[in-house]
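Below: the structure, in structure tokens.
Quick note: numbers below take in every heavy atom, side chains included, and nothing from hydrogens, waters or symmetry partners. Just so it is clear: chains get the letters A, B, ... in the order the sequence lines come, proteins before strands, and each one is counted from 1.
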Number of protein chains: 2
Amino acid sequence: MTDTAQTEAFGFRPLYRQVKESLVRRLIEGEWQPGQLIPSEMELSRELGVSQGTVRKALDTMRAENLLIRRQGRGTYVAEPEHGDLRFQFFRLVPDDGEHVFPASRTLRRVQAEADQEEAKALGMRQKDPIWRVERIRMLENVPSIIETISLPEGRFPGFDSLDDVPNNLYRIYSQRWGITIGSATEQLKAVGASVRDAKHLDCRSGHPLLRIARTAFDLERNAVELRVSRCLTEDAYYLSELR
Amino acid sequence: MTDTAQTEAFGFRPLYRQVKESLVRRLIEGEWQPGQLIPSEMELSRELGVSQGTVRKALDTMRAENLLIRRQGRGTYVAEPEHGDLRFQFFRLVPDDGEHVFPASRTLRRVQAEADQEEAKALGMRQKDPIWRVERIRMLENVPSIIETISLPEGRFPGFDSLDDVPNNLYRIYSQRWGITIGSATEQLKAVGASVRDAKHLDCRSGHPLLRIARTAFDLERNAVELRVSRCLTEDAYYLSELR
DNA sequence: TAGTGGTCTAGACCACTCG
DNA sequence: GAGTGGTCTAGACCACTAA
């Protein structure tokens with residue numbers, strides 16, 4: 001690695017962190033694609049000139065951050081966003097009775113627009129900066145239950161308007177088409193009353209209590225890349241939050 | 001340790017897991033109290049007859065579960081529930097503007113009661129089993145913002161009714177008085193309309209949208225020991241959920 | 001059977017805390 | 001300076017997967 005000596009006066013960084021950062025950089029630069037097998041511990045340790053144990057510690061912390069999936073006997077894979085066990089990483093709405101399913105969706109509209117105050121704040125832009133905005137309805141057990149507005153900085157998603165349609169699993173296509181991997185998100189939840197428009201699409205009275213989820217999603221470099229505001233009927237479902 | 005041979009046919013469990021389980025048991029049995037220093041890695045490895053590295057792995061996984069706090073140069077401490085940085089482990093409601101504060105509370109009533117269906121299900125009891133039930137109001141920035149109902153199995157909290165008053169920080173007293181340490185919790189969130197009673201205490205219209213948080217809290221052995229249902233005004237606050 | 005990640009050990013040195 | 005946790009190494013063996 002670069003810093004062989006530990007006592008570099010100021011700014012001591014453990015070797016395994018340097019290894020980790022170098023590997024994350026290669027992930028970000030697309031050297032290894034989601035789902036792909038990366039080199040084994042032994043190969044990496046030879047390549048980087050550190051011990052296998054140090055590589056292992058770097059890989060293990062990356063697994064803890066859901067960047068990698070490791071399988072004994074097989075190897076280490078780049079995690080695929082919203083795939084397999086990770087599919088529900090960002091989808092926490094569970095039916096009261098029944099399976100945790102991934103909801104189908106129907107796009108209502110897709111437009112280019114100017115960022116409003118909330119969008120600008122969440123995405124680190126200025127008001128009136130150009131964005132893409134998508135509105136869609138999602139079904140839980142065949143009942144329209146969620147109306148969501150998705151906002152994307154135009155600059156990060158060139159050609160978004162030329163997509164044939166908006167696929168159900170957006171994070172997958174962010175990764176495939178624009179090389180943007182969603183690594184984390186924060187959600188702010190409130191209870192609100194349904195607007196007239198919400199009420200029409202969700203088949204409820206206006207003013208009916210809805211769970212409002214404002215999710216800001218971040219790429220691997222911690223840049224905010226998507227704001228998604230969902231209003232959800234929670235008569236037959238709940239948002240699950242696990243604390244430690 | 002007990003299982004020296006790895007290949008015990010069925011039921012292979014790594015050494016460090018056995019070490020961890022033995023240490024957790026000692027925590028549960030009260031050998032070390034919250035805030036107390038536990039033996040060093042070297043001492044434990046000698047005592048248990050395993051290498052320092054194995055003890056370290058056990059301690060590190062326990063730290064990852066917030067059971068321990070480790071400090072270079074000082075030692076390893078038993079984590080204190082709702083202390084220091086952990087105080088907000090279970091309190092996720094944040095004012096829109098302003099500090100993340102721990103809300104004051106005022107007890108409305110404290111009664112002995114029979115478990116209803118929701119309480120029985122959450123606490124793994126039968127309906128009509130005896131419970132303690134506390135209702136209180138909590139303040140966010142001097143505004144009554146949360147009305148919460150706390151349900152406890154009577155058997156786990158003998159003499160709960162003889163407490164002089166119900167302290168603001170309940171988890172602390174569960175630990176001090178009954179040796180019950182809350183280690184994890186799950187929360188189910190919904191949007192509901194305020195009941196007449198809710199509305200009176202929260203100074204809003206009945207039917208007004210409230211965020212309903214149903215928290216089931218678990219002790220270190222994963223027994224459900226508390227159900228806490230909160231109804232929150234979210235005009236000026238939000239529930240924060242961090243996803244990976 | 002070869003190769004991978006998972007566990008376990010022993011020993012060295014480093015960074016931090018405290019008396 | 002003594003003791004603690006943190007990092008790093010080297011090497012052994014185990015459990016799992018796939019050819």
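Taking only side-chain nitrogens and oxygens, Arg13(B) never comes nearer than 4.0 Å to OP1 or OP2 of dC8(C). Listed pair Thr76(A) / dG5(C) meets the phosphate criterion, a side-chain N or O lying under 4.0 Å from OP1 or OP2.
Between Gly73(A) and Gly75(B), the residue whose closest nucleotide on DNA chain D is further toward the 5' end is Gly75(B).
Distance from the side chain of Glu43(A) is smallest to dT4(C) among dT9(C), dG5(C), dT4(C). When the nucleotides dC8(D), dG6(D), dT9(C) are ranked by their closest atom to the side chain of Glu41(B), dG6(D) comes out on top. Checking dC8(D), dG6(C), dG5(D) against the side-chain heavy atoms of Arg63(A) singles out dG6(C) as nearest.
In this structure, Leu68(A) places its CG atom 16 Å from C1' of dG6(C), rounding to the nearest Å. Between the C1' atom of dT4(D) and the CG atom of Leu44(B) lies a distance of 13 Å, rounded to the nearest Å. In this structure, Gln18(B) places its CD atom 19 Å from P of dG6(C), rounding to the nearest Å. Atom P of nucleotide dT7(C) and atom CZ of Arg70(A) are separated by 10 Å, given to the nearest angstrom. Summarising the geometry, the separation between CZ on Arg17(A) and C1' on dA15(C) is reported as 16 Å, rounded to the nearest angstrom. Across the protein-nucleic acid pair, Arg74(B) atom CZ and dC16(C) atom P stand 14 Å apart, rounded to whole Å. Asp60(A) has its CG atom 9 Å from the C1' atom of dG5(C), to the nearest Å. Here the P atom of nucleotide dT9(D) and the CG atom of Leu15(A) are 6 Å apart, to the nearest Å.
A search for side chain to side chain contact (heavy atoms under 4.5 Å, CB included) contacts involving Gln72(B) returns nothing, not counting sequence neighbours. Every side chain to side chain contact (heavy atoms under 4.5 Å, CB included) that Arg25(B) has, sequence neighbours left out, goes to Glu21(B), Ser22(B), Glu29(B). Shown here are the side chain to side chain contact (heavy atoms under 4.5 Å, CB included) partners of Leu37(B), two or more places apart in sequence or in another chain: Tyr77(B). Listed by chain and residue number, Tyr174(A), Trp178(A) satisfy the ring pair (Phe, Tyr, Trp, His ring centres under 6.0 Å) test with Phe157(A) (two or more places apart in sequence, or in another chain).
A donor-acceptor contact shorter than 3.5 Å is absent between the side chain of Lys190(B) and the backbone of Tyr238(A).
Residues of residues 51-59 of chain A having a heavy atom closer than 4.0 Å to DNA chain D, listed by number: Ser51(A), Thr54(A), Lys57(A).
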Return a table of donor-acceptor pairs under 3.5 angstrom between the side chains of residues 50-58 of chain A and protein atoms on other chains or two or more places apart.
from, atom 1, to, atom 2, distance (Å)
Ser51(A), OG, Gly53(A), N, 3.3
Ser51(A), OG, Thr54(A), N, 3.3
Ser51(A), OG, Thr54(A), OG1, 3.3
Gln52(A), NE2, Glu41(A), OE1, 2.8
Arg56(A), NE, Glu41(A), OE2, 3.0
Arg56(A), NH2, Glu41(A), OE1, 3.0
Arg56(A), NH2, Glu41(A), OE2, 3.0

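When side chains are defined from C-beta on, Ile213(B) does not count as touching Glu148(B), because their heavy atoms never get closer than 4.5 Å.
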